Undergrad: 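What follows is a structure written as C-alpha cells; I'll ask about it next.
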Amino acid sequence: MSGFYFSAKLRQRALTVNVKFIATVVGAIVCSVLSIAANASQSLSLPEDIYKEERARYLEVEKKLLTYSKRRVRNLDNDIYELAEYPLYPYLLRLKLDRTMSIRTKREVKQFLADFNGQPVSYGQRYKWLNYLAKNNYRSTFLDNYRPGMGARLTCIALNYRLKEGESEQVLLQEVNALWLHGQSQPDECDPLFAKWKKAGMMTPEMVIKRIEIAAKEGNRSIISYLKRQLPSNKQYLADAWLSVTRDTSRVSKTALFPLKHASHEANIIVWAVEKLAWRNPDLASQVYSRYNNKKVFSQAQQHMMRRAIALSYTLDRLPQAHHWLELADVDGASDDVKLWHISHLLRTNKWQEVVYVINSAPASLQQEENYRYWKARALEALGQSMQATVLYKELAQERHYYGFMASAHIGEIPSLAHTPAPRDTAAIASVAKTPATMRAVEFFRLDRTTEARREWYYLLSHLPEAKVTDAGILAYEWGLYDQAITSFARSGYWDDVERRFPLAFSDVFSKKSQAYSISKSFAMAIARRESSFRSDAISPVGAAGLMQLMPGTARYVAKEKVSRSELFKVNDNVEYGVQYLRYLMDKLNNNPVLVSASYNAGWRKVLEWLPANEALPVDIWIENIPYKETRAYVKAVMAYQHIYDQQLGGNENIFPQLTRDMIPSAEAVSTHPVTGTLQLAPR
C-alpha cells in the first residue's frame, strides 16, 4: 500500500466526524462540570476511554515497526492502515518512513511532509530526510526538499549544490555573509564556500573583525588566532586585544593594548571588558571607563552600558559609591532596570523625597507600572502626605498582584481577587475536544508519554483561533490537566478566571502533608504553583523534579535516605519531601515566609548573605533589593499566590497586613545552632 493511499485515506478521515468520540467528550464535559463543586479537591479525569483496543493494537504495531527487519517492516502496511481512525496513526506512518527511508520512498516522504507540515509528528523529519539525501548525494531531491533555516551544515550543502546547478556565484555568495558571522567554527561543508567567498574579495577586514568580536564574546579564543592571520598587519593588534581581555578582563586597564588607532573597534573591546570587569572589580572598571570616556571614544549607548554595569555592581554590593554611579547611570536612554535599582537603593537608604523625584522623572509609561505606583504611595506616606498616598493605594488595591495586595494592607482592605469565570460554551469546548491535536494529546497522556502530549497541546494552542484558546484552558482544567490549563489561560490572556488559573490540584495530598509538618497549605500550594504549575513530571535544566521542583540531593537530605529521581515524579512523595523541606527552612529562618520562599528559590546560604548588614529592613524594601531578578519575582509571586490559595481554600490567613509590619532582621541576628552547628536566624 503506497504512502499516497495512506494520505488520501487520512484526508478522507479528517472530513468524517467521529460521532462516538464527540458524544463521549460532551458527556464527559457535562459530568466534569457537575462534579467540580462537589469534589474540587480531586484531580479530575480525562474523558471516557474509547480507544482502549486501538491503543493496544497501536503499541503492538509500534513494537513491530521498531524491531522488525526493514524487509518485514515494508509488509506492515495493512497493520498500520487498520489504525487509520486512531488519533496517533500519523506517528505509525512516520515510524515506517524512518525504518524504510531510501530514495525509493521519496514520494511517500514528500507526501508525509506536505500532509503534516508544522505538526509535531513532522518535527525533525525533514532534517533527517535531508541528511540522508546529502549523505547519498541526491542533489536534485535534496534541493527540492530543502527549506531555509535548517542549520549551517545543510545550508552550506544546499548552496554548494546550487552552485553546481549553475546558479549565479555572485548572488549565492551574498548568502555566505550570515554563515561567516558566527562565533564557532562552521562545518567542513562550508569551507569550499568560504574559499570562493574570500577569492571574490568578500572577506573584508571589517567582516573578519566582526567575527573576531562574535567569537570573543562566545569565549571561543581558538578561532581568534586563525582569524588574526586574515587581517592586514596594522589591524592584527585588535585580535590580540580581544584575546588578552577574554583571558583576563582586568587587562583592559593596560593602555598599551589600546593605542586608539582604530578607536571605534577598540571601544567595542573596552566596553565589553569593562562590563564584565565591573561585576568583580567596579573600582578598576570605573577607572578604565573614566580614562577613555575623557578621550570621547564611546557612543552614548556604550556609555549607558558601562555606567549600568558599574552602578549596579556597587549597588548590589551595597557600597557607598552606588549613589554617585546610579545618578550617572539613571539618565534618558538608560535601561529600565537602572531606574528600578536607583529607586531600590534610595528605599534601602530611606531617601523618600528622592524616591518621589526619581519616579516622577521616569517616562509616563513606566510611572503607570504597578511597582512605580506602589513605591510612590509608600514614599508619599513616609513623607506625611497620607491623603495622596491613600488615593494611590486605593487604585492599586483593585488589582490582583503582589503590589495590589500590599497596597490593600496599607489601607486596611481585604485584597481583591476580582475573580470572573471565563464564560463556558459547551459547544465550543466540545469543538476543541474533537480537534486532532487534542485527541493526540489525550492519547499520549494515556500512554504516559507526557513530553509528546504537551508538544501536541502547545501545537493546539498555537493553531487555535484566539477566541478558542480560553475554551482549551477550560477543557484542560476539567480533564485535570492543570499545567495545560494554566498555560492555556496565560496564552489567551484571560487572567480573571482565578479558580481555573490557580486550581486546587492534589488538594488532599497538600492537606495531609502540610498538616503533618505544620506548614500552611496555601503556602505549600503557592510554591508548587510557581515551581511547576502542578506538573508532576516537570524537570528543570539543573535537575529539579516534580511538583515542587526538588533536587534529589535536597530530598535525600530531608528524608535522611536515598531518594531516586523517579520517586520525585510521584505526587505523594514529592509533596512529602517538598513540605518537609519547607519545614526545615522555616526552622532555620525563624518561620519567616519571605525568607523561606527566597531560600526555596536561591538557597538559604545565599539568602543569609542578603540580610541587611546592620539594621533591620521593612519586608517590602528588602524584597525590592534582592539581587537576583528571578528570586525577586519569585518571592513576590509566592506571596501573592499564597493569598489567592488561602481565599480559594476558604481561609482567613491574609499574610499581607503582617508583611507591611514585619522587618527582615539584620545579619547580626544570625547565630550558630548549638547542636547542629549550622547557621540560622535565632528567635528574638
Side-chain angles (χ1 to χ4, degrees), residues 101-119 122-218 220 222-236 238-239 242 262 264-265 268 301:
M101 186 175 287
S102 74
I103 195 64
R104 291 190 297 273
T105 63
K106 67 179 183 180
R107 288 187 297 173
E108 284 91 336
V109 174
K110 184 175 182 179
Q111 190 68 61
F112 178 88
L113 292 172
D115 287 345
F116 303 107
N117 180 44
Q119 295 185 31
S122 73
Y123 293 171
Q125 191 69 1
R126 186 180 300 277
Y127 182 82
K128 186 182 297 185
W129 176 231
L130 288 171
N131 274 295
Y132 165 81
L133 296 172
K135 180 180 179 181
N136 293 279
N137 201 28
Y138 293 121
R139 184 194 306 169
S140 61
T141 307
F142 180 98
L143 290 175
D144 185 45
N145 285 270
Y146 175 78
R147 301 291 183 272
M150 301 296 294
R153 178 176 171 273
L154 293 178
T155 299
C156 287
I157 291 171
L159 290 173
N160 281 312
Y161 280 167
R162 288 168 64 190
L163 284 171
K164 290 177 182 178
E165 292 286 314
E167 289 193 41
S168 167
E169 183 174 295
Q170 185 178 2
V171 173
L172 286 180
L173 290 181
Q174 295 296 327
E175 298 184 36
V176 176
N177 290 349
L179 292 163
W180 173 259
L181 293 175
H182 196 278
Q184 305 298 319
S185 296
Q186 293 288 41
D188 293 343
E189 288 81 357
C190 298
D191 289 346
L193 288 170
F194 288 146
K196 288 183 172 64
W197 183 74
K198 181 179 180 180
K199 186 177 180 180
M202 302 175 77
M203 187 189 284
T204 63
E206 284 297 313
M207 292 295 285
V208 176
I209 291 170
K210 283 182 181 179
R211 190 174 186 190
I212 288 173
E213 181 175 337
I214 294 169
K217 291 178 178 179
E218 292 184 9
N220 184 16
S222 61
I223 199 176
I224 296 177
S225 297
Y226 157 75
L227 292 170
K228 174 185 173 180
R229 298 194 295 272
Q230 312 305 314
L231 288 172
S233 58
N234 68 333
K235 292 186 177 180
Q236 290 185 355
L238 295 168
W242 272 115
H262 298 90
S264 62
H265 291 306
N268 290 336

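In this chain, numbering begins with 1 at the start of the sequence shown. Quick caveat: nothing in here was measured; it's all calculated off a predicted structure.
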Undergrad: Side chains of residues 187-201: which donor-acceptor partners sit under 3.5 Å, not counting sequence neighbours?
TA:
{"unit_1": "E189", "atom_1": "OE2", "unit_2": "R153", "atom_2": "NE", "d": "3.3"}
{"unit_1": "W197", "atom_1": "NE1", "unit_2": "N177", "atom_2": "OD1", "d": "2.9"}
{"unit_1": "K198", "atom_1": "NZ", "unit_2": "Q230", "atom_2": "OE1", "d": "2.9"}

Undergrad: Look at the side chain of N220 and the backbone N and O of G183, then say whether any donor-acceptor pair between them is shorter than 3.5 Å.
TA: yes
Undergrad: Checking H182 now: which residues fulfil side chain to side chain donor-acceptor pair (under 3.5 Å) with it, not counting sequence neighbours?
TA: none
Undergrad: Where do I224 and A239 come nearest, in terms of heavy atoms and distance?
TA: CG2-O, 3.9 Å
Undergrad: If you measure from CG on L113 to CD on Q111, what distance do you get to the nearest 0.5 Å?
TA: 9.5 Å
Undergrad: Would you give the length of the straight line joining atom CE of M202 to atom CH2 of W180, rounded to the nearest 0.5 angstrom?
TA: 12.0 Å
Undergrad: Between V208 and I212, is any pair of side-chain heavy atoms under 4.5 Å apart?
TA: yes
Undergrad: Taking the side chain as everything from C-beta on, heavy atoms only, tell me whether R126 gets closer than 4.5 Å to V109.
TA: no
Undergrad: Mind checking side-chain contact (heavy atoms from CB on, under 4.5 Å) for R104 and listing every partner two or more places apart, or none if nothing turns up?
TA: R74, S102
Undergrad: Which residues satisfy the side chain to side chain donor-acceptor pair (under 3.5 Å) test with T155, sequence neighbours excluded?
TA: Y146
Undergrad: Decide yes or no for W242 and L227: does some side-chain heavy atom of the first lie under 4.5 Å from some side-chain heavy atom of the second?
TA: no
Undergrad: Nearest 0.5 Å, what's the CG-CE distance between L181 and M207?
TA: 4.0 Å
Undergrad: Using salt bridge (Lys or Arg N to Asp or Glu O under 4.0 Å) as the criterion, list what pairs up with E206, not counting sequence neighbours.
TA: none
Undergrad: About how many Å separate CG of N131 and CG of L154, when rounded to the nearest 0.5 Å?
TA: 5.0 Å
Undergrad: Using side-chain contact (heavy atoms from CB on, under 4.5 Å) as the criterion, list what pairs up with P232, not counting sequence neighbours.
TA: P205, N234, K235
Undergrad: Using side-chain contact (heavy atoms from CB on, under 4.5 Å) as the criterion, list what pairs up with S122, not counting sequence neighbours.
TA: F112, F116
Undergrad: Just jot down the side chain to side chain donor-acceptor pair (under 3.5 Å) partners of Q236, sequence neighbours excluded, or say none.
TA: none
Undergrad: Excluding sequence neighbours, so at least two apart, what forms salt bridge (Lys or Arg N to Asp or Glu O under 4.0 Å) with K228?
TA: D240
Undergrad: Report the C-alpha separation of M101 and E108 in whole Å, then their side-chain angles, then the decisive distance to 0.1 Å, and conclude whether the side-chain contact (heavy atoms from CB on, under 4.5 Å) test is met.
TA: CA-CA 9 Å; M101 186 175 287; E108 284 91 336; over 6 Å; no
Undergrad: Restricting to side-chain contact (heavy atoms from CB on, under 4.5 Å), what partner residues turn up for I103, sequence neighbours left out?
TA: K106, Y132, L133, Y138, T141
Undergrad: Side-chain contact test, heavy atoms from C-beta onward, threshold under 4.5 Å: evaluate it for L179 versus E175 and give yes or no.
TA: no
Undergrad: Measure the CD1-CD1 distance between I209 and I214 for me, rounded to the nearest 0.5 Å.
TA: 12.0 Å
Undergrad: Could you pull out all residues at least two apart from W129 that satisfy side chain to side chain donor-acceptor pair (under 3.5 Å)?
TA: N145
Undergrad: Can you measure from NZ (K110) to CG (D115) and round to the nearest 0.5 angstrom?
TA: 12.0 Å
Undergrad: For a quick test of your reading: what N or O donor-acceptor pairs under 3.5 Å do the side chains of residues 166-173 make, sequence neighbours left out?
TA:
{"unit_1": "E167", "atom_1": "OE1", "unit_2": "R162", "atom_2": "NE", "d": "3.3"}
{"unit_1": "E167", "atom_1": "OE1", "unit_2": "R162", "atom_2": "NH2", "d": "3.2"}
{"unit_1": "E167", "atom_1": "OE2", "unit_2": "R162", "atom_2": "NE", "d": "3.2"}
{"unit_1": "S168", "atom_1": "OG", "unit_2": "Q170", "atom_2": "N", "d": "3.4"}
{"unit_1": "S168", "atom_1": "OG", "unit_2": "V171", "atom_2": "N", "d": "3.3"}

Undergrad: Any chance you could lay out the side-chain contact (heavy atoms from CB on, under 4.5 Å) test for Q184 and I223, step after step, and finish with the verdict?
TA: CA-CA 7 Å; Q184 305 298 319; I223 199 176; over 6 Å; no
